[in-house]
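Below, chains carry the letters A, B, ... as their sequence lines are ordered, and counting in each starts from 1. Atoms considered below: every heavy atom in the structure, side chains included; atoms not considered: hydrogens, waters and symmetry mates.
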2 protein chains.
Amino acid sequence: MAGTKPRANHTLHERLLGEFRSFIISQRWPPGYQLPFETDLADTHGVSRMTMNKVLTQLTREGFLVRRRKLGTFVARPHAQAAVMEIADIAAEVQALGQVHSFVLHARKLRRPSSGEMTEARIAQDRRQRSVLYLMGVHFADAQPFCREERIINPEAAPAALEQDFSTVAPGQWLLQQIPWSSAEHRIRAVGADRAVARDLGVQPGEACLEVIRRTEISGEWVTLAHQIYPGDRHELLARFGPRARAD
Amino acid sequence: MAGTKPRANHTLHERLLGEFRSFIISQRWPPGYQLPFETDLADTHGVSRMTMNKVLTQLTREGFLVRRRKLGTFVARPHAQAAVMEIADIAAEVQALGQVHSFVLHARKLRRPSSGEMTEARIAQDRRQRSVLYLMGVHFADAQPFCREERIINPEAAPAALEQDFSTVAPGQWLLQQIPWSSAEHRIRAVGADRAVARDLGVQPGEACLEVIRRTEISGEWVTLAHQIYPGDRHELLARFGPRARAD
DNA sequence: AAGTGGTCTAGACCACGAA
DNA sequence: TCGTGGTCTAGACCACTTC
């Protein structure tokens, strides 16, 4: 509904691409769902097999589908993310380092968003957002503080969050399961640790830390806004870029 | 030649994809070069127009080609880069902020790579690299220090660099023109400014700074390794990620 | 108006991989 | 073995853009 041209999609495979993508994003076709066979889909939608193949091949390149010969076509499990994206799942990252991840919740409350948050999350001015779920906590790798996280969640995008006690499960991990296929935008900067950060991370006040501000959205609607701070000498982000995004 | 499977590319359009990509990367087809028409290419290579169309469409999605009706197919000008990639061209970034960019070279010499550099740039152990071109300088936005840069360049990948005096033109900008289509890998971390950095950037020693370590390669061969340090409060990186890279 | 890329089809054969 | 996705073709019509 947002972003692209308001004009109707003209070509056959464009229309089908949009249709299938929306089915997947809305989880009407949940992860693991098996689609009908290519020939059947072509018949059902009244197009040639070539055209349907173009659609399915494209969605496979985009990572939405997984195709296996003789078995069929399935909606992908979206845990395969781009390199920098993987930091969304801090638990997985810590485990990849061979350490034990744990999350300690410091605060959880429902409150109105601040004006700064409304700007950063780009909350629409007209649809007045009554309240957001605020969370603050610290991730640990073994017994060592790994990352301090402040976050607000949009209850309209993720209603189940209101029922969820985040005392042990990290919100990022939980959201990734609830709302796969979201897209994110990161701002990355260096900041000196203030008193609260220094206390929570066990570093000296003023020490250089890496701050990642991540805004997540799906279909143009904001889902969550997170401020994550890592001790500077203990953490690195990794990002790869080609002349253009490669597919395979 | 590197990276992908050593097996020969089987399918027609895969073979053509590789062939055309190598032509573009090697600049046998330089930016702006006009390819023969789709129908002619199909005839020349003995494939159907559909197959050739698949190849050209894919290369267009990858950003290598630009196609315009009635005009033809051209090799793209590769200045359109991914969001984080754009920081490669610091001059363009400064100008985008409406300020004047300048570069001051502090050091330039030919020397052997240190062991740390060999690790970070992943210089092959067997092919013993005799020497690399070392550069150090500072970027300015108007009169204010913007970024301090240390860099080594591989003379085998960019021989023209040995002839180039970098006293005013920034090495990143120059390399981008010499070797388009390169791909890069970034490591991003926060560091406290040491004395040399503090002096060059005009910040207090110990102040939080953002360090970007960028390794650039083309066809598997390393081209350059850069360490860039930005004052923490004056600079942010921006990165966007979807569930998978989008094309159009 | 003409020529280029953009799309679509019906049918065919092939290759991989699960049974 | 055999069903599924993977690929390829020859031909056709359309739409956009420049002339």
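- Qualifying side-chain contact (heavy atoms from CB on, under 4.5 Å) partners for B:Asp43, counting only residues two or more places apart in sequence or in other chains: none.
- Residue B:Lys70 places its side chain closer to C:dA2 than to any other of C:dA2, C:dT9, D:dG3.
- Residue-level contact check: A:Thr73 touches the backbone only, with heavy atoms under 4.0 Å from sugar-phosphate atoms and none from bases.
- Among the atoms of the strands shown, none is found under 4.0 Å from any heavy atom of A:Thr57.
- Distance, A:Arg15 CZ to C:dC8 C1': 13 Å, rounded to whole Å.
- Contact check, A:Thr51 against C:dT7: no side-chain N or O comes under 4.0 Å of OP1 or OP2.
- Spacing between atom NZ of A:Lys54 and atom C1' of C:dA10 amounts to 16 Å, rounded to whole angstrom units.
- Phosphate contact (OP1/OP2 of D:dG11, side-chain N/O of B:Arg49, threshold under 4.0 Å): absent.
- At whole-Å resolution of the value, CG in A:Leu35 and P in D:dT4 are 14 Å apart.
- Backbone-only engagement by B:Leu12 is indicated by non-hydrogen atom pairs under 4.0 Å involving sugar-phosphate atoms exclusively.
- Near DNA chain D, meaning a heavy atom under 4.0 Å from it, residues 40-48 of chain A has no residue at all.
- Between B:Gln34 atom CD and D:dT18 atom C1' the separation is 13 Å, expressed in whole Å.
- The interatomic distance linking B:Phe74 (CZ) with C:dG5 (C1') rounds to 12 Å, in whole Å.
- For B:Arg69, whose side chain is taken as the heavy atoms from C-beta onward, the closest listed nucleotide among D:dC2, D:dT17, D:dT7 is D:dT17.
- Rounding to whole angstrom units, CD of residue B:Glu38 and P of D:dC14 are separated by 18 Å.
- In this structure, A:Asn53 places its CG atom 15 Å from C1' of C:dA15, rounding to the nearest Å.
- Between A:Leu71 and A:Met52, the residue anchored closer to the 5' end of DNA chain C is A:Met52, taking for each the nucleotide with the nearest heavy atom.
- One finds the CG atom of A:Asp142 at 11.5 Å from the NE2 atom of A:His101 (value rounded to the nearest 0.5 Å).
- Every residue two or more places apart in sequence or in another chain that forms a side-chain contact (heavy atoms from CB on, under 4.5 Å) with B:Thr51 is listed here: B:Leu12, B:His13, B:Val47, B:Ser48.
- Remark: B:Arg68 is not in phosphate contact with C:dT4, judged by side-chain N or O atoms under 4.0 Å from OP1 or OP2.
- Every residue two or more places apart in sequence or in another chain that forms a side chain to side chain donor-acceptor pair (under 3.5 Å) with A:Arg49 is listed here: A:Glu38.
- Under the salt bridge (charged side-chain N to carboxylate O under 4.0 Å, His left out) rule, A:Glu120 has a single partner from A:Arg187, A:Arg214, A:Arg215, which is A:Arg187.
- Of the residues near DNA chain D, A:Met50 and A:Gly72, the one whose nearest nucleotide (by heavy atom distance) lies more toward the 5' end is A:Gly72.
- The distance between atom CZ of B:Arg61 and atom C1' of C:dG6, rounded to the nearest whole Å, is 13 Å.
- Every side-chain contact (heavy atoms from CB on, under 4.5 Å) that B:Arg68 has, sequence neighbours left out, goes to B:Val66, B:Leu71.
- Ring pair A:His235/A:Tyr230 is parallel by interplanar angle, where below 30° counts as parallel and above 60° as perpendicular.
- Considering only residues two or more places apart in sequence or on other chains, B:Gln177 meets the side-chain contact (heavy atoms from CB on, under 4.5 Å) condition with none of them.
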